[in-house]
Amino acid sequence: MTAPTKPTIPAQADAAETVGDDLHAPVIDWFEEHARDLPWRRPDAGPWGVMVSEFMLQQTPVSRVLPVYEQWMARWPRPADLAEDTPGEAVRAWGRLGYPRRALRLHGAAVAITERHDGDVPTEHAQLLALPGIGEYTAAAVASFAYGQRHTVLDTNVRRVFARAVTGVQYPPNATTAAERKLARTLLPDDERTAALWAAASMELGALVCTAKNETCVRCPIAALCTWRLAGKPAHDGPPRRGQTYAGTDRQVRGRLLAVLREAVTPVPQSVLDRVWEEPVQRARALDGLVADGLVEPLVGGLYRLPHG
DNA sequence: AATACGTGGCC
DNA sequence: TGGCCAAGTAT
């Protein structure tokens, strides 16, 4: 069918096409000067190192990932090495990084890579996306950082940089919008190598300079072009961004239960787990949830351990 | 679309 | 001191 009326191109996207050309060089130059020397960015990290780092960095600061990453890569230097071990060992090695389902999914991804991809991290975005624990962002990140491909890598840092520099607002929307994806595509350099650099550079800018709080515009390579800054840095208006409650939630109980099981060498009796939380209903619900998620394996006789299978 | 999912550092 | 924040994914 033909579209009788072509939607008007939003003025922002139109302007962005021009603006993009002004942003790329300064941001990439800044990156090449100021990029952190992170282990997963070194040439010897390889696609598996990039992928492991991306799993660990989901919602988790670099400083806490570094030591766990080093131990992980030393122990499981290839996907097949991790696949041979139990998922419980992955959960244990995950330590206190948080969101331990990531460890389970990373193990599952390693198994899938071993079975379906001959042990090599796949190169295609669609193949990456099909792996457990890999969503839109991580698929693009691995394809871009590990294989130098041209993808829109839209994480919280990049979204914030775009929101400020181009859209002129302090914070991006709560959830990623179609408009943001469109803007990211518009801003993505045509050249593959430049696009990959741009992805890493715009993310690093958001992580180091254009931060959520206490942004340091004096160090920003595109401050002169930043719409938000030029507008006087107006405060975020819209609906408040949902905070994450934690104290007293099932998540806290799950955390305590799993902490006990991570430290245990032998199966743990129910009675020991019972001590981590007073309230029995919530305690039972949390444990059931962990079992349902595959993070805990119940054995006969009221014993529990990290999953072996 | 909204919600669940860990943990710890910071101001 | 406690809410905010940190390279999201799955349902």
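Note that the structure is a prediction, hence the values are computed from the model and not measured. Chain letters run A, B, ... following the sequence lines, proteins first, then strands; residues in each count from 1.
Applying the salt bridge (charged side-chain N to carboxylate O under 4.0 Å, His left out) definition to pairs two or more places apart or across chains, those involving residues 74-86 of chain A are A:R75-A:D85, A:R75-A:E89, A:R78-A:D81. Counting only residues at least two apart or on different chains, the salt bridge (charged side-chain N to carboxylate O under 4.0 Å, His left out) pairs with a member in residues 295-309 of chain A are A:E297-A:R305.
Residue whose closest nucleotide on DNA chain C sits further toward the 5' end, between A:R105 and A:F145: A:F145.
Residues A:Y147 and A:L38 share a hydrophobic cluster, clusters being chains of Ile/Leu/Val/Met/Phe/Trp/Tyr side chains in contact below 4.5 Å.
What separates NZ of A:K213 from C1' of C:dG3 is a distance of 10 Å, to the nearest Å. For the pair A:R160 CZ and C:dG8 P, the interatomic distance rounds to 10 Å; values are reported in whole Å.
Cluster note: A:V296 groups with A:V91, A:L104, A:V253, A:L257, A:L258, A:V260, A:L261, A:V268, A:V272, A:L273, A:V276, A:W277, A:L287, A:L290, A:V291, A:L295, A:Y304, A:L306 through ILVMFWY side-chain heavy atoms spaced under 4.5 Å, whether in direct contact or through intervening members. Cluster partners of A:V300, using a side-chain heavy-atom cutoff of under 4.5 Å among ILVMFWY residues and allowing indirect links: none. In the hydrophobic clustering, A:V265 connects to no other residue, as no ILVMFWY side-chain heavy atoms lie under 4.5 Å from its own. Hydrophobic cluster membership of A:Y246, counting Ile, Leu, Val, Met, Phe, Trp and Tyr whose side-chain heavy atoms lie under 4.5 Å apart directly or via other members: none, as it forms a cluster of its own.
Atom C1' of C:dC5 sits at a distance of 16 Å from the matching atom of B:dC5, rounded to the whole Å. As rounded to the nearest Å, B:dC11 and C:dA7 have P atoms that lie 15 Å from one another. Annotation: B:dA1 and C:dT9 have their C1' atoms spaced 15 Å apart (nearest Å). B:dG8 and C:dT1 are spaced 15 Å apart, taking the C1' atom of each and rounding to whole Å.
Non-hydrogen atoms lying under 4.0 Å from DNA chain C are contributed by A:P132, A:G133, A:I134, A:G135, A:E136, A:Y137, A:T138, all within residues 122-139 of chain A. Within residues 29-41 of chain A, the residues that have a heavy atom under 4.0 Å from DNA chain C are, in order of number, A:R36, A:L38, A:W40, A:R41.
In this view, A:R105 satisfies the salt bridge (Lys or Arg N to Asp or Glu O under 4.0 Å) rule with no residue, not counting sequence neighbours. A:T211 meets the side chain to side chain donor-acceptor pair (under 3.5 Å) test with no other residue; sequence neighbours excluded. Under the salt bridge (Lys or Arg N to Asp or Glu O under 4.0 Å) criterion, A:R150 pairs with A:D190, sequence neighbours left out.
Using a 4.0 Å heavy-atom criterion, one finds that A:V62 contacts the bases of the nucleic acid, with or without backbone contacts as well. In this structure, A:F55 reaches neither bases nor backbone, as no heavy-atom distance under 4.0 Å exists between it and the strands shown. Within the 4.0 angstrom heavy-atom criterion, only backbone atoms of the sugar-phosphate kind lie near A:A212; the bases stay farther away.
Between A:E215 and A:R160 there is no salt bridge, since no side-chain nitrogen of the basic residue lies less than 4.0 Å from a carboxylate oxygen of the acidic one.
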**Item:** Nucleotide-resolved protein contact map, nucleotides 5-11 of chain B, B/S/- at heavy-atom distance under 4.0 Å
**Value:** BBBS---

